[in-house]
Amino acid sequence: MEKTLERELKRGTLELIILNLLAERQMYGYELITTLEQRGGSLFQLKEGTLYPILYRQEDAGYIEARWETADRGMPRKYYSLTESGARRLAMLMAEWDEFSATIDRLLGKEKDNRE
Amino acid sequence: MNKKVDAYIQEVLRNIQAPIEKKKRIEADIRAHFLEAEAMGEQAETVISRMGTPYELAEEMMSQVELAYAGFWRRLAAFSLDALIIAVVAGLYLIFLIVLGAVTIIESKNCATDPSMIWNTKNLLVMIWAILGGIAASGAALLYFPILEARFGKTWGKKVMGLLVAKENGLSIGYKEAILRRLSFFFNVFWLDALFLFFTEKRQRAFDIIAKTVVIKEQ
């Protein structure tokens with residue numbers, strides 16, 4: 001059973017995480033799911049029903065675009081890639097995350113580096 | 001792609017009422033996903049159990065899809081077409097009744113010797129058939145909307161105007177919703193009901209709100 005804080009935080013950061021992954025390289029749906037699980041562990045074992053709606057929202061907003069590509073072996077794959085608009089969005093979300101997580105850490109007295 | 005997967009996908013899509021492009025996107029993604037999983041050595045059954053029931057997956061897939069709500073004029077046009085269809089069929093039945101009546105009268109004149117002969121078995125049967133037919137026709141007129149909307153998400157009028165009836169989350173409706181939204185017929189509140197359309201965010205009639213349904217454009 002997932003804990004409440006984890007669930008809320010995951011929901012809030014999934015867009016940032018996916019855009020960041022697609023900034024590395026274009027990926028197809030299944031690849032996104034396996035990569036997330038590899039790097040995020042059990043916390044990020046995403047269901048298809050969780051991933052695709054986020055991809056749709058981002059695609060409709062113009063942050064990512066989909067393209068069918070046929071690999072050498074002949075199986076067509078639907079690749080999602082980051083757009084320019086998406087790159088800007090990623091930068092914005094990343095900055096937000098940096099600032100927010102640093103603020104939380106500070107509030108909780110968990111400062112990592114000494115500011116000021 | 002094996003039959004089980006295909007049946008699963010069909011069931012998921014059956015639950016979805018969305019603009020055509022959005023529905024195609026969902027179908028393409030699910031199909032590609034199964035192919036990709038298979039290429040990576042994951043069993044289809046595992047994928048299906050992770051995805052959940054067709055209804056669950058349909059609901060999740062539609063959760064971020066924006067619906068384009070149909071406005072008053074488009075819906076009125078669709079309704080007018082449906083009313084016309086029902087009127088034509090009712091009209092045809094009326095003509096049938098008139099012809100039947102005329103034939104009966106002519107026949108009764110031929111039974112000049114004994115007018116009560118008109119009430120023979122054949123004519124009685126035809127009369128019962130006519131009455132039952134009338135009941136059936138009225139029933140059909142009443143059921144036209146709920147049955148077509150529950151089974152197909154649209155009536156003929158809606159089909160021509162490119163409209164779909166869906167639940168607020170974009171999923172297909174069942175008989176419960178189809179009947180609930182038509183109760184406005186029984187309360188004779190057509191225009192008051194329709195007036196809500198202008199003031200609600202999702203362009204719903206009063207009885208749409210009650211049934212939790214929306215009418216969307218197929219685009």
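Lettering of chains follows the sequences in order, A, B, ..., and the numbering in each one begins at 1. Both backbone and side-chain heavy atoms feed into the values below; hydrogens, waters and symmetry mates do not. The model shown is predicted, which means the values in this text are computed figures rather than measured ones.
- Of the two parts of A/Leu51, neither the backbone nor the side chain holds a non-hydrogen atom closer than 4.5 Å to a non-hydrogen atom of chain B.
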Suppose we count any N or O donor within 3.5 Å of an acceptor, strictly below that value; which pairs fall between chain A and chain B?
{"unit_1": "A/Tyr30", "atom_1": "N", "unit_2": "B/Glu36", "atom_2": "OE1", "d": "3.1"}
{"unit_1": "A/Tyr30", "atom_1": "OH", "unit_2": "B/Glu42", "atom_2": "OE1", "d": "2.4"}
{"unit_1": "A/Lys47", "atom_1": "NZ", "unit_2": "B/Glu60", "atom_2": "OE2", "d": "3.4"}
{"unit_1": "A/Glu48", "atom_1": "OE1", "unit_2": "B/Arg50", "atom_2": "NE", "d": "3.2"}
{"unit_1": "A/Glu48", "atom_1": "OE2", "unit_2": "B/His33", "atom_2": "NE2", "d": "2.7"}
{"unit_1": "A/Glu48", "atom_1": "OE2", "unit_2": "B/Arg50", "atom_2": "NE", "d": "3.1"}
{"unit_1": "A/Glu48", "atom_1": "OE2", "unit_2": "B/Arg50", "atom_2": "NH2", "d": "2.7"}
{"unit_1": "A/Tyr52", "atom_1": "OH", "unit_2": "B/His33", "atom_2": "ND1", "d": "2.8"}
{"unit_1": "A/Tyr56", "atom_1": "OH", "unit_2": "B/Asp29", "atom_2": "OD2", "d": "2.7"}
{"unit_1": "A/Arg57", "atom_1": "NH1", "unit_2": "B/Gln64", "atom_2": "OE1", "d": "3.3"}
{"unit_1": "A/Glu59", "atom_1": "OE1", "unit_2": "B/Arg25", "atom_2": "NH1", "d": "3.0"}
{"unit_1": "A/Asp60", "atom_1": "OD1", "unit_2": "B/Arg25", "atom_2": "NH1", "d": "3.1"}
{"unit_1": "A/Asp60", "atom_1": "OD2", "unit_2": "B/Arg25", "atom_2": "NH2", "d": "3.4"}
{"unit_1": "A/Lys78", "atom_1": "NZ", "unit_2": "B/Asp29", "atom_2": "OD1", "d": "3.1"}
{"unit_1": "A/Lys78", "atom_1": "NZ", "unit_2": "B/Asp29", "atom_2": "OD2", "d": "3.3"}
{"unit_1": "A/Tyr80", "atom_1": "OH", "unit_2": "B/Asp29", "atom_2": "OD1", "d": "3.3"}
{"unit_1": "A/Tyr80", "atom_1": "OH", "unit_2": "B/Asp29", "atom_2": "OD2", "d": "3.0"}

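- Both the backbone and the side chain of B/Ala28 come within contact range of chain A, each with at least one heavy atom under 4.5 Å from a heavy atom of that chain.
- Contacts of A/Glu24 classified as side-chain hydrogen bond (donor to acceptor under 3.5 Å, both in side chains), with partners at least two apart in sequence or in another chain: A/Arg39.
- For B/Ile30, no part lies under 4.5 angstrom from a heavy atom of chain A.
- For chain B, the nearby part of A/Leu46 is the backbone; its heavy atoms alone come within less than 4.5 Å.
- Under the side-chain contact (heavy atoms from CB on, under 4.5 Å) criterion, B/Leu100 pairs with B/Phe96, B/Val126, B/Ala130, not counting sequence neighbours.
- For B/Phe196, the CZ atom is loosely surrounded, since the number of other residues' heavy atoms within 6.0 Å does not exceed 12.
- Residue pairs meeting the ring-ring contact (aromatic ring centres under 6.0 Å, His included) criterion with at least one member in residues 197-219 of chain B, sequence neighbours excluded, are B/Phe72-B/Phe198.
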